[in-house]
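Counting starts at 1 for both ligands and their atoms, following the listed order.
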Amino acid sequence: MLVSMREMLDNAREQNYAVGQFNINNLEFAQGILLAAEEEQSPVICGLSKGAAKYIGGFSTAVNMVEGLIKDFGITVPVALHLDHGSSVELCKEAVEAGVSSVMIDASDLPIEDNIHTTNKVMELARAKGVSVEAEVGHVGAQDSGVITNPEEAYAKVEDCLKLIQETDVDCFAPALGSVHGFYQGKPDLAFDRMEEIYKKTKKPLVLHGGSGLPKEDIQKAIGFGAAKVNVNTENQTAATQTVRSMLNEKPELYDPRKYLGAARDSIQQTVKTKIREFGSANKA
Ligand code: 13P
């Protein structure tokens, strides 16, 4: 059974570790992530973007796929299935109705009042079903999209975070503080001072997006400053792709997709296991 993130994140804060959100792009990602979490006895959050849900077949297919794997693999650790970057109330509603156990409403491109208003609409429909909610303040961009032209504009403001926490009942939120989706060009430069201040004032579990390529030290520092959830996608994607690429280069006679996709799944499983250990969530299930 899928569970919400609430208890996972509260436990993570209490014991100073983070739970990984690993995005599922297809069946092999879901398999690798669940197997790694079970092996490490770690709670886990399967992230599901709108694009990935569409690729997989739709929200219902994604929900049934993850629930089926939990049953068939005999997964015993807590698993949340979380809509990543839900861009509208309608999309969150669709995901909740299909059975996800957690949603992110990303209204971060709106002024803070409107962001709060939109987040509260999602809270209403999510709470009715016991579904947890993540919000975003400031804007986490993509390294290659050129979104962060002015870091001060994109970074979360402390007073906006405080307002969001005072006026909503979200379970966690992602303040944009210099992390980006995709790999980093140059050295990542997270605004740790502001992260610390935001956590001290809000006391809410923080979410660190753009976990791929962040040095272990930065991740652990962020956990010390309130990060209870760290999102990783690109590192799993590159691990899977490199595996398939080298396997097909080495063995051009291969034609059974189970051979190379199975190997891709194993590389995802290994990557997730390494991350789980870095985040400190092993044996916390
Ligand atoms: P990366 O792809 O950079 O790991 O970011 C994942 C993420 O933050 C999903 O929301």
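At a threshold of 4.0 Å, the pair E134-K229 counts as salt-bridged, since one of the basic side-chain nitrogens sits closer than that to a carboxylate oxygen.
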Chi angles and distances behind the side-chain contact (heavy atoms from CB on, under 4.5 Å) call for I268, F22 = CA-CA 10 Å; I268 294 163; F22 303 102; over 6 Å; no
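Applying the salt bridge (charged side-chain N to carboxylate O under 4.0 Å, His left out) rule to pairs touching residues 272-281 yields E39-K273, E40-R277, E235-K275, K275-E278, sequence neighbours excluded.
Residues passing the ring pair (Phe, Tyr, Trp, His ring centres under 6.0 Å) test with H82: none are found, sequence neighbours excluded.
Closer than 4.0 angstrom to ligand 1 sit non-hydrogen atoms from N23, D84, H85, V180, H181, G182, H209, G210, G211, S212, N231, V232, N233, T234.
Side-chain N or O atoms of S4 include none that pairs as donor or acceptor with a backbone N or O of S132 at under 3.5 Å.
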Just list the side-chain donor-acceptor pairs under 3.5 Å for residues 51-77, sequence neighbours left out, or say none.
residue : atom : partner : partner atom : Å
N64     : ND2  : S60     : O            : 2.8
T76     : OG1  : E38     : OE1          : 3.3
T76     : OG1  : E38     : OE2          : 2.7

